[in-house]
Amino acid sequence: MVIIILLTCLFLMIMYHCVVYYGRSGRLINQIPGCIHLPIPGKGLRICWYSPGAKWHKRRKILTPAFHFSILKEFVKTLIEEGNRAVKSFNPAEESIIEDVMLFTSHHMLNAICETSMGISLNDSDQSQQYRQTIHHMGKLVVNRFFKPWLFIDTIFNLTSQSTTQSKYLNILHSFTEKVNQIRNTFRSVEINNIGIIFFFVFVDGHDTVATSLCFSLLLLAEHKDIQDRVRNEINEVMQENNGKLTMNALQNLPYLERCLKESLRLYPSVTFISRLCTTDLKLQSYIIPKDTTMHLFIYCLHHDPNFWPDPEVFDPDRFLPENIQKRHPYSYVPFSAGLRNCIGQRFAMLELKAMIASLVYNFYLEPVDYLKDVSFKLDIVLRTSRPIRMKVIPIKRE
Ligand code: HEM
């Protein structure tokens with residue numbers, strides 16, 4: 001009896017919520033992304049990703065100069081320094097095992113994004129460790145809420161223990177955004193008043209996505225020794241031409257590594273799906289998607305579709321030779337989304353990936369300890385493995 005009463009109350013609350021907040025269209029499906037009620041610190045995500053045209057356009061315009069070539073060129077020095085730091089974190093005299101490759105890449109990518117975008121150098125202080133962990137815990141909370149529509153309703157969510165935990169996490173994260181706020185005047189490239197944008201831009205867009213991609217790229221190279229050797233030869237050549245140093249020019253001159261990264265993003269896209277709200281009725285080949293419907297595009301499935309990708313599970317960087325790209329449907333490969341709202345940081349991301357991989361592959365042989373075929377994934381904001389994956393690094397002796 002009690003359960004029936006509770007369920008009835010829950011139903012009435014959901015209906016009330018629909019009518020009050022979504023009265024104009026009145027369809028539950030519109031709520032599925034739950035973006036309005038996702039526990040995002042600040043308004044960054046909503047404004048940047050989900051806001052209607054005019055607002056989004058304004059924000060995009062503000063952010064765009066930050067990714068200009070001349071700015072990226074400045075950033076590259078920091079990225080290369082971070083690559084060197086990653087190399088120095090291993091004993092140069094003997095092989096080491098990275099116990100959790102994702103943790104390793106996440107650590108270095110967070111350093112890189114904080115230093116490039118905000119001039120903050122994260123050290124290994126307790127506070128920065130706490131930030132890193134909180135980001136991951138927040139991710140889990142967001143995803144958990146995302147798949148439980150009844151928790152979209154703040155009144156219900158506030159009754160759960162997750163709400164208290166969320167407040168605790170948000171306090172930690174907000175204290176960091178306040179620190180960012182203090183140094184906002186020194187923020188080198190963009191004038192932004194909404195600290196929430198910086199927060200999300202830095203941590204989710206610019207950190208976790210690249211860390212995930214770096215993790216899978218390293219693991220793929222470790223498992224494919226022939227491809228790894230070819231990447232290393234290319235890096236050696238470029239290093240020789242640049243007096244043993246990595247530079248922006250050098251990074252732009254690594255076409256084979258670039259193909260490997262693209263193929264890695266095909267097999268393991270960091271962002272597994274994107275969502276769009278249909279603003280008009282949309283006619284597909286055999287369906288009409290009505291206005292106001294939320295659509296989800298599963299990038300992961302698209303990238304594994306044998307209609308576009310023969311032997312989709314095979315790691316083959318030559319799929320991205322120019323002549324092969326030309327033969328494919330332009331939207332069969334969208335790791336950075338496509339169209340107006342595509343990823344603004346994609347060039348920056350590729351530079352980060354190249355800088356890190358070039359430093360590591362130049363100095364170490366990578367060998368697998370765990371294999372990707374044995375890995376299972378879990379639900380999260382970005383693609384994540386359900387348990388840590390290990391990899392071996394063996395120093396390369398140079399004269
Ligand atoms: C491998 C790395 C990355 C991947 C796979 C990736 C993927 C994506 C995807 C799929 C979207 C579209 C989301 C949607 O439509 O809902 C997106 C948007 C975005 N990304 Fe990235 N991203 C990466 C790295 C970065 C980096 C390094 C930054 C910034 C430093 C960044 C900043 C953004 C921003 C600001 C947006 C929103 C763009 C807009 O709505 O105008 N991303 N990203």
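Values below: every heavy atom of this structure, side chains too, minus hydrogens, waters and symmetry copies. Start at 1 and go down the list; that is how both ligands and their atoms are numbered.
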- Message: Checking side-chain polar atoms at under 3.5 Å, does Ser275 have a donor or acceptor matched by the opposite partner on Thr294?
- Response: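 On atom types as modelled, these side chains do not qualify, holding no pair under 3.5 Å.
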Ligand-residue contact atoms, ligand 1 with [X], heavy atoms, under 4.0 Å:
X: Val210; answer: 2 (C), 27 (C)
X: Phe67; answer: 29 (C), 30 (C)
X: Glu352; answer: 27 (C)
X: Pro335; answer: 5 (C), 7 (C), 10 (C)
X: Asn342; answer: 38 (C)

- Message: When you compare ligand 1 with Arg60, is there at least one nitrogen or oxygen pair between them that comes in under 3.5 angstrom?
- Response: yes
- Task: Ignoring angles and geometry beyond distance, decide whether Arg276 reaches within less than 3.5 Å of ligand 1 through its nitrogen or oxygen atoms.
- Result: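 Looking only at distances, the answer is yes, because the N/O contact criterion of under 3.5 Å is met.
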- Item | Partner residues of Asp370 under the salt bridge (charged side-chain N to carboxylate O under 4.0 Å, His left out) criterion, sequence neighbours left out | Arg390
- Message: If the threshold is 4.0 Å, N to carboxylate O, is there a salt bridge linking Arg230 and Asp226?
- Response: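 Not counted as a salt bridge, because no side-chain N and carboxylate O are separated by less than 4.0 Å.
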- Given Leu383, Ile344, Thr64, which one has a non-hydrogen atom that is nearest to atom 35 (C) of ligand 1? Ile344
- Can Arg328 be said to sit on top of Phe320's aromatic six-ring, NZ or CZ under 6.0 Å from centre and within 45° of the ring axis? yes
- So, do Pro290 and Asp281 sit near enough that their side-chain heavy atoms are less than 4.5 Å apart?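 With C-beta onward as the side chain, the pair touches.
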- Item | Output field: ring centroids Phe216/Phe315 closer than 6.0 Å | no
